[in-house]
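Here the structure comes first, spelled out in structure tokens, and everything after it is commentary.
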Amino acid sequence: MNNQRRADGSLQHLITLEGLARAELEALLARSQHYVRPLGARPPTSRALEGLTVGNLFTEPSTRTRVSFELAARRLGAEVVNIEVQLSSRMKGETMLDTIRTLESLHFDAFVIRDSEAGVVAHVAANVAPHVSVFSAGEAHLSHPTQGLLDALTVRQHKGERFERLCVAIVGDLRNSRVARSGYEVFTGLGVGELRMVAPPWLMPPEGVFPQGRRFESLEEGVRDADVVMMLRIQKERMSQADIPDGDEYFARYGLDAARLALAKPDAIVMHPQPMNRGIEIASDVADGPQSVIRDQVRNGVAVRMAVLELVARPRPVRP
Ligand code: CP
């Protein structure tokens with residue numbers, strides 16, 4: 001368990017959703033909702049992080065998480081620097097910690113880190129100065145806490161706050177998915193009625209992972225009468241060549257098409273964290289169809305990251 005709290009129990013970092021109390025999750029979702037605006041409206045701003053400098057360090061590709069963390073920090077009044085890892089001295093062999101210490105010397109107050117290696121984010125968090133906060137933007141296959149929160153916010157907007165009434169099916173590459181793990185933590189943390197973990201046998205993680213989830217190897221059985229169908233991306237970058245499925249074969253058995261979606265409740269919502277492999281895990285007409293809330297998930301990403309940054313990173317007192 002990562003130690004992400006200060007001595008007073010407040011969050012100094014956000015590395016995982018594991019261990020967050022239901023009340024903490026609900027408060028974060030309520031604050032996130034405060035920052036949601038309809039498309040076309042002026043986005044909300046505040047000066048909550050004025051005077052802080054936030055560094056984005058992404059060693060894996062990202063569109064949504066990187067851009068929305070940047071927008072969130074700017075809209076809260078922080079200065080933001082995107083560190084181009086490929087152009088940094090990391091390429092000359094500098095360690096992540098030496099890079100972080102250099103940036104601390106340049107008055108950085110918070111780091112948003114995505115890394116393919118498990119443990120890197122927690123290692124940085126354990127070694128920063130007490131006034132510095134570290135945010136996971138996705139860690140290996142283990143954790144993507146702000147994605148979990150934005151997924152829960154999207155469900156809350158469409159299905160209400162009573163998660164105990166809901167059946168949520170998370171479908172696809174469960175073995176390699178940090179989105180599935182953070183989804184599991186947030187939905188169980190919020191007391192979801194039934195959480196189904198649906199995957200082909202070779203993409204199902206070992207027993208003991210997702211202990212409160214009901215496992216299904218049949219997509220049809222897994223989505224039947226569900227309120228929420230959350231599809232996952234096939235994570236080719238985390239598979240050996242031999243494990244990468246043929247796209248057509250995978251779609252034939254595990255792709256969400258209109259006929260399979262019709263097995264879920266008539267008002268079920270369809271989610272996907274993106275990027276999507278259209279025609280492999282999800283049909284285009286479903287991804288773009290009336291039950292899809294995929295674009296809401298993206299919009300909610302900025303609101304959630306504003307709430308998280310505001311809660312965790314604390315402005316410093318002005319010193320002469
Ligand atoms: N969902 C998600 O993490 O997307 P990006 O990889 O584009 O950040």
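Every number for a ligand or one of its atoms is a count from 1 in the order of the listing.
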May I ask whether H144 has any heavy atom positioned less than 4.0 angstrom from an atom of ligand 1?
yes

Which atoms of ligand 1 are found less than 4.0 Å from any heavy atom of [X]?
{"X": "Q274", "result": "1 (N), 2 (C), 4 (O)"}
{"X": "Q147", "result": "1 (N), 2 (C), 3 (O)"}
{"X": "T65", "result": "2 (C), 3 (O), 4 (O), 5 (P), 8 (O)"}

Could you find the nearest protein heavy atom to atom 7 (O) of ligand 1 and give me its residue, atom name and distance?
T63 N, 2.8 Å

What residue and atom, counting heavy atoms only, is the protein's closest point to atom 4 (O) of ligand 1, and at what distance?
R64 NE, 3.1 Å

To check you understand the geometry: which heavy-atom pair defines the closest contact between V192 and L195, and what is its length?
CG1-CB, 3.9 Å

Heavy-atom closest pair (R181 atom, L174 atom, distance to 0.1 Å) is NH1-O, 2.9 Å

Checking contacts here: is it the side chain or the backbone of R114 that comes within 4.0 Å of ligand 1, counting heavy atoms only? Could be both or neither.
side chain

In short, salt bridge (charged side-chain N to carboxylate O under 4.0 Å, His left out) pairs touching residues 283-294 with sequence neighbours left out are R278-D288

Has R165 got more than 12 heavy atoms of other residues, nucleotides or ligands less than 6.0 Å from its CZ?
no

Can you name the residues that form a salt bridge (charged side-chain N to carboxylate O under 4.0 Å, His left out) with R178, not counting sequence neighbours?
E60

Any N or O of P275 closer than 3.5 Å to N or O of ligand 1:
no

Describe, in one word, how the ring planes of Y250 and W202 are oriented to each other, choosing from parallel (under 30°), tilted (30 to 60°) and perpendicular (over 60°).
perpendicular

